[in-house]
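To keep things clear, I will list the structure first and then write my remarks on it.
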Amino acid sequence: MAIMFDHHQWGVAFGILGNIISFLVYLAPVPTFYRIYRKKSTESFQSLPYLVALFSSMMWFYYALVKQNAFLLVTINCFGCVIETIYIILFITYAPKGSRNSTVKLFVSMNVGVFSLILLLTHFLATGSTRILILGWICVAFSVSVFAAPLSIVVSTIN
């Protein structure tokens, strides 16, 4: 007799596993930010990876709300938005003036401006499954950039 697996149960199981792994990934910079807090300095750390991660979390959260019935996406990206916001606040608090100003400008332009533009355009120009498809591709593109953003630090150390 063949054993039948319910694909929905497997999806939930892997979704929970993905959330656990994502939770750990979001917490990976805690030692860095503890160091920033302890030294009261951002040293040579960059804010770009955290700004991009916040933007990606915001986009996935919006996607999950539009898609509906995406509870696991909502929970992990809500957590991601909270933790990345804490990181950015700590960074701004302890960054030197120039770095603080550029971080705030980048935050406002990307996490407020671009996000609002995407939200408005997808809300008013796309409907139903087309909106979900467009948002999904945007989310995937920014998810890739979350992993590429730390490479900007590698490039800056080479130069």
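Along the sequence shown, residues are numbered consecutively beginning with 1.
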So, taking the atom named [atom1] in [X] and the one named [atom2] in [Y], what distance separates them when rounded to the nearest 0.5 Å?
X	Y	atom1	atom2	answer
L65	L73	CG	CG	10.0 Å
L90	I36	CG	CD1	7.5 Å
I16	F23	CD1	CZ	14.5 Å
T85	N111	OG1	CG	8.0 Å
N77	S22	CG	OG	7.5 Å
I21	I76	CD1	CD1	10.5 Å

Would you check if [X] and [Y] make a side-chain contact, meaning some heavy-atom pair closer than 4.5 Å?
X	Y	result
Y62	C139	no
T75	F71	yes
S47	I88	no
M110	V52	yes
T130	L133	no
E84	M58	no
R131	V66	yes
C81	L54	yes

If you group Ile, Leu, Val, Met, Phe, Trp and Tyr by side-chain heavy-atom gaps below 4.5 Å, do [X] and [Y] land in one group?
X	Y	answer
F33	V104	yes
I89	Y94	no
I132	I118	yes
V112	I86	yes
L121	F115	no

Run the numbers on Y50 and F107 for side chain to side chain contact (heavy atoms under 4.5 Å, CB included), then give the verdict. CA-CA 10 Å; Y50 310 104; F107 172 80; over 6 Å; no
When you measure from the side chain of S99 to the backbone N and O of A95, does any donor-acceptor pair fall under 3.5 Å?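 No, S99 side chain to A95 backbone: no donor-acceptor pair under 3.5 Å.
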More than 12 non-hydrogen atoms from neighbouring residues, nucleotides or ligands closer than 6.0 Å to NZ on K97, yes or no?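 At most 12 heavy atoms, drawn from other residues, nucleotides or ligands, come within 6.0 Å of this atom.
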Would F91 and Q46 count as a side chain to side chain contact (heavy atoms under 4.5 Å, CB included) if you check the C-alpha gap in whole Å, the side-chain angles of each, and the deciding distance to 0.1 Å? CA-CA 9 Å; F91 187 91; Q46 302 290 319; 5.8 Å; no
Using the ring of each side chain (for Trp, its six-membered ring), is F79 parallel, tilted or perpendicular to Y26, with breaks at 30° and 60°?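 Answer is perpendicular, since the angle exceeds 60°.
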Could you label the plane-to-plane angle of the Y37 and Y34 rings as parallel, tilted or perpendicular, counting under 30° as parallel and over 60° as perpendicular? tilted
Can you list the steps and then say if M59 with L135 is a side chain to side chain contact (heavy atoms under 4.5 Å, CB included)? CA-CA 8 Å; M59 287 302 305; L135 285 172; 3.9 Å; yes
Please find the pair of heavy atoms, one from I134 and one from A126, that lie closest to each other, and give the distance.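 For I134 and A126, the tightest heavy-atom pair comes out as CD1-CB, 4.0 Å.
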Do F55 and F142 make the cut of ring centroids closer than 6.0 angstrom?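 Centroid separation for F55 and F142: below 6.0 Å.
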